[in-house]
**Q** 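Just dropping this structure here.
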Amino acid sequence: MSRFTSPVGEGLISVDRWTDSSQAYFLTHLHSDHTQGLSAHWSRGPLFCSPITARFLLSKFKGFDASLIRDLEVGSTHTFSLISPLNGGDVEVRVTPIDANHCPGSVMYLFQGELGCVLYTGDFRWELTSERAKLSKSTLLDALNGEKVDILYLDNTYCNPCFSFPSRKDAAQQVVDIIQKHPHHEVVIGIDSLGKEHLLLHISESLKTKIWVWPERLEILDLLGLDEIFTTDTSQTRIRAVPRYSITQNNLESLNTMYPTIAIMPTGLPWSQNSPEKGAYTVRYTAHSSYSELEEFMKIIRPSIVIVMKGSHGFKVRKKEGKGKVLASVRRSRVNIVRKERRGVKIEECDEICTSDFEVQIGSDWSS
DNA sequence: GCGATCAGCT
DNA sequence: CACAGCTGATCGC
């Protein structure tokens with residue numbers, strides 16, 4: 001444990017982390033909690049991401065130096081070289097970006113080479129009933145080719161047995177059903193600046209209608225070639241996708257003084273409650289893995305060590321005194337878990353990756 | 001005045 | 001509570 005976490009020399013690789021010095025920077029997707037510290041003036045070094053994320057990045061940060069972007073074909077293995085701060089020699093690294101099925105452009109990164117075998121999931125949904133996730137699984141297993149994952153950085157947002165979600169396809173149909181039961185209502189659907197495009201597409205196709213979005217959102221949809229089904233003209237549709245934070249009880253009541261309106265919240269968050277009598281519907285549509293999906297994932301990966309990236313309502317997280325450090329303790333599993341502090345990760349070079357430092361403790365909960 | 005960071009909120 | 005944000009205050013340039 002201590003050998004990995006104690007920094008030796010300069011950092012080599014940073015993932016979703018932009019505040020300290022590394023030789024290569026990786027971005028999993030363009031949600032804002034993964035880009036804190038990134039700006040149009042980025043100059044620290046090469047930034048690796050998927051081609052779609054590169055497109056979003058240049059749109060979000062106008063004036064970004066495009067020569068720093070290394071867009072990597074998803075599903076392929078790429079090789080690059082870093083300089084060892086220990087001996088000045090080359091450190092060869094293989095990286096495989098794998099579709100994370102979280103939002104457009106989102107990827108996980110599998111790093112292999114002298115650094116060891118490190119899998120960084122970023123935010124991901126391991127929804128194996130979908131063809132896309134099945135493809136991600138085979139890409140991952142092919143790239144691993146039997147190699148053991150030394151360190152897994154895991155999105156554990158919903159890693160608690162109380163979270164079970166329908167497939168996004170089924171959840172999308174639930175939204176369509178709600179809309180069809182209100183044929184004379186206006187409909188507002190809460191979304192963020194990126195994500196849930198497949199939900200909106202499903203609604204548009206099922207109901208043969210365009211969907212209103214705000215102008216900045218249409219720019220993002222244009223980058224995906226989806227401009228045909230969206231509009232910024234309210235007269236063309238009764239269905240509007242609006243910023244999630246704009247859907248409040250007060251706003252819904254105000255809308256209803258003008259026209260009968262229902263609100264639909266696609267979310268996995270447990271405190272968003274369904275209140276049909278108030279015209280407020282919650283549908284469990286989420287871009288994060290459910291507990292059982294995480295279980296499926298862990299059965300395949302069986303890493304030596306897991307570092308979880310979230311954790312407030314996932315694993316039972318226990319605050320440890322001093323320095324704001326947080327360690328996770330897991331009651332239902334004996335997997336060795338450490339919670340990463342703050343955002344992203346900096347991967348340092350070690351004298352060697354010594355897997356015996358990370359005793360394998362895969363518990364029966366993962367393996368049964 | 002501008003950009004970066006943070007507190008507070010949903 | 002906070003998926004992934006938004007707004008507003010403050011600080012340094």
Side-chain angles (χ1 to χ4, degrees), chain A residues 16-20 27-44 53 56-57 60-64 100-106 121-127 154-160 162-166 168 171-172 175 188-200 213-217 220 241-254 263-275 278 280 282-291 293-294 308-319 324 326 339 341-344:
Chain A
D16 290 352
R17 191 172 171 116
W18 316 101
T19 50
D20 39 33
L27 175 60
T28 59
H29 63 294
L30 210 69
H31 278 155
S32 68
D33 54 334
H34 295 257
T35 59
Q36 293 296 311
L38 252 189
S39 75
H41 312 114
W42 176 257
S43 61
R44 282 185 192 277
T53 295
F56 291 144
L57 183 69
K60 181 185 175 93
F61 300 114
K62 303 273 192 272
F64 194 99
N101 294 299
H102 175 69
C103 70
S106 67
T121 67
D123 292 344
F124 78 117
R125 182 145 188 200
W126 199 246
E127 188 185 293
L154 179 71
D155 162 30
N156 68 322
T157 302
Y158 291 122
C159 191
N160 187 296
C162 69
F163 295 115
S164 74
F165 304 123
R168 279 173 289 192
V175 173
V188 291
I189 302 170
I191 61 167
D192 287 311
S193 61
L194 181 61
K196 301 193 166 75
E197 285 74 14
H198 288 290
L199 168 63
L200 302 179
V213 290
W214 63 101
E216 295 80 6
R217 191 56 158 98
I220 294 164
V242 302
R244 173 170 48 87
Y245 54 84
S246 74
I247 295 188
T248 63
Q249 185 71 46
N250 271 351
N251 286 353
L252 184 55
E253 284 170 11
S254 299
I264 300 175
M265 267 298 192
T267 180
L269 291 177
W271 48 84
S272 178
Q273 289 303 317
N274 210 27
S275 307
K278 297 176 184 167
T282 290
V283 173
R284 297 297 164 202
Y285 185 105
T286 179
H288 291 275
S289 300
S290 69
Y291 182 78
E293 289 165 356
L294 288 169
V308 299
M309 309 305 294
K310 308 248 170 100
S312 59
H313 58 275
F315 290 113
K316 296 297 172 196
V317 173
R318 176 190 57 200
K319 293 248 180 199
V326 177
R339 170 144 201 256
E341 84 283 0
R342 311 190 68 214
R343 273 182 269 275

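By convention in this document, chain letters (A, B, ...) are assigned in the order of the sequence lines, proteins followed by strands, and residues within each chain are numbered from 1.
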**Q** If only side-chain N and O atoms of A:Thr248 are considered, is one of them under 4.0 Å from the OP1 or OP2 phosphate oxygen of B:dT10?
**A**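 False: A:Thr248 side-chain N/O out of range (4.0 Å or more) of B:dT10 OP1/OP2.
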**Q** Rounding to an integer number of Å, can you tell me how far A:Arg244 CZ sits from B:dC9 P?
**A**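 Answer to the nearest Å: 17 Å.
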**Q** A:His34 side chain: which of C:dA4, C:dC6, C:dC1 is closest?
**A**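 Given the options C:dA4, C:dC6, C:dC1, the side chain of A:His34 is closest to C:dA4.
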**Q** Rounding to a whole Å, what distance do you find between A:Trp18:CH2 and B:dA4:C1'?
**A**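 Rounded to the whole Å, the gap is 17 Å.
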**Q** Taking CG from A:Asn250 and P from B:dC9, how many angstroms apart are they, rounded to a whole number?
**A**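 So the two atoms are 17 Å apart, to the nearest Å.
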**Q** Please work out if A:Thr286 contacts a base, only the sugar-phosphate, or nothing of the nucleic acid, heavy-atom cut-off 4.0 Å.
**A**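 No contact.
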**Q** To the nearest angstrom, how far is A:Leu27 atom CG from C:dA4 atom P?
**A**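 Distance, rounded to whole Å: 13 Å.
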**Q** To the nearest Å, give me how far apart CZ (A:Phe163) and P (C:dA2) are.
**A**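 After rounding, the reported distance stands at 10 Å.
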**Q** State whether the side chain of A:Asp16 and the backbone N or O of A:Thr28 hold a donor-acceptor pair below 3.5 Å, judged by distance alone.
**A**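 Yes.
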**Q** Choose from B:dG3, C:dA4, C:dA2 the nucleotide whose nearest atom is closest to any side-chain atom of A:Trp271.
**A**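 That would be C:dA2.
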**Q** Measure the distance from CE on A:Met309 to P on C:dA4 and round it to the nearest whole Å.
**A**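 Those two atoms, CE and P, are 12 Å apart.
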**Q** Check this one for me: any side-chain N or O of A:His102 less than 4.0 Å away from OP1 or OP2 of C:dA4?
**A**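 A:His102 to C:dA4 OP1/OP2: side-chain N or O found under 4.0 Å.
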**Q** Is the distance between the ring centroids of A:Tyr285 and A:Phe165 less than 6.0 Å?
**A**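 No, too far apart.
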**Q** Verify, without hydrogens or angle tests, whether A:Thr53 (side chain) and A:Gly105 (backbone) share a donor-acceptor contact under 3.5 angstrom.
**A**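 It does hold such a pair.
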**Q** In terms of side-chain heavy atoms, does A:Asp123 have a donor or acceptor partner in A:His31 at a distance below 3.5 Å?
**A**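 Note: A:Asp123 and A:His31 side chains miss the donor-acceptor criterion.
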**Q** What is the separation between atom CE on A:Met265 and atom P on C:dA4, rounded to the nearest whole Å?
**A**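 In whole Å, C:dA4 P and A:Met265 CE are 14 Å from each other.
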**Q** Can you check whether A:Ser193 has a side-chain N or O nearer than 4.0 Å to OP1 or OP2 of C:dA4?
**A**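 No, no such contact exists.
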**Q** Tell me: CG of A:Asp33 to C1' of C:dA2, nearest whole Å?
**A**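 Whole-Å distance recorded here is 11 Å.
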**Q** For the pair A:Thr35 (side chain) and A:Leu38 (backbone), establish whether a donor and an acceptor sit closer than 3.5 Å, ignoring hydrogens and angles.
**A**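 The answer is no, because no donor-acceptor pair under 3.5 Å joins these two groups.
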**Q** From C:dG5, B:dA4, C:dA4, pick the nucleotide closest to the side chain of A:His29?
**A**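 Nearest listed nucleotide: C:dA4.
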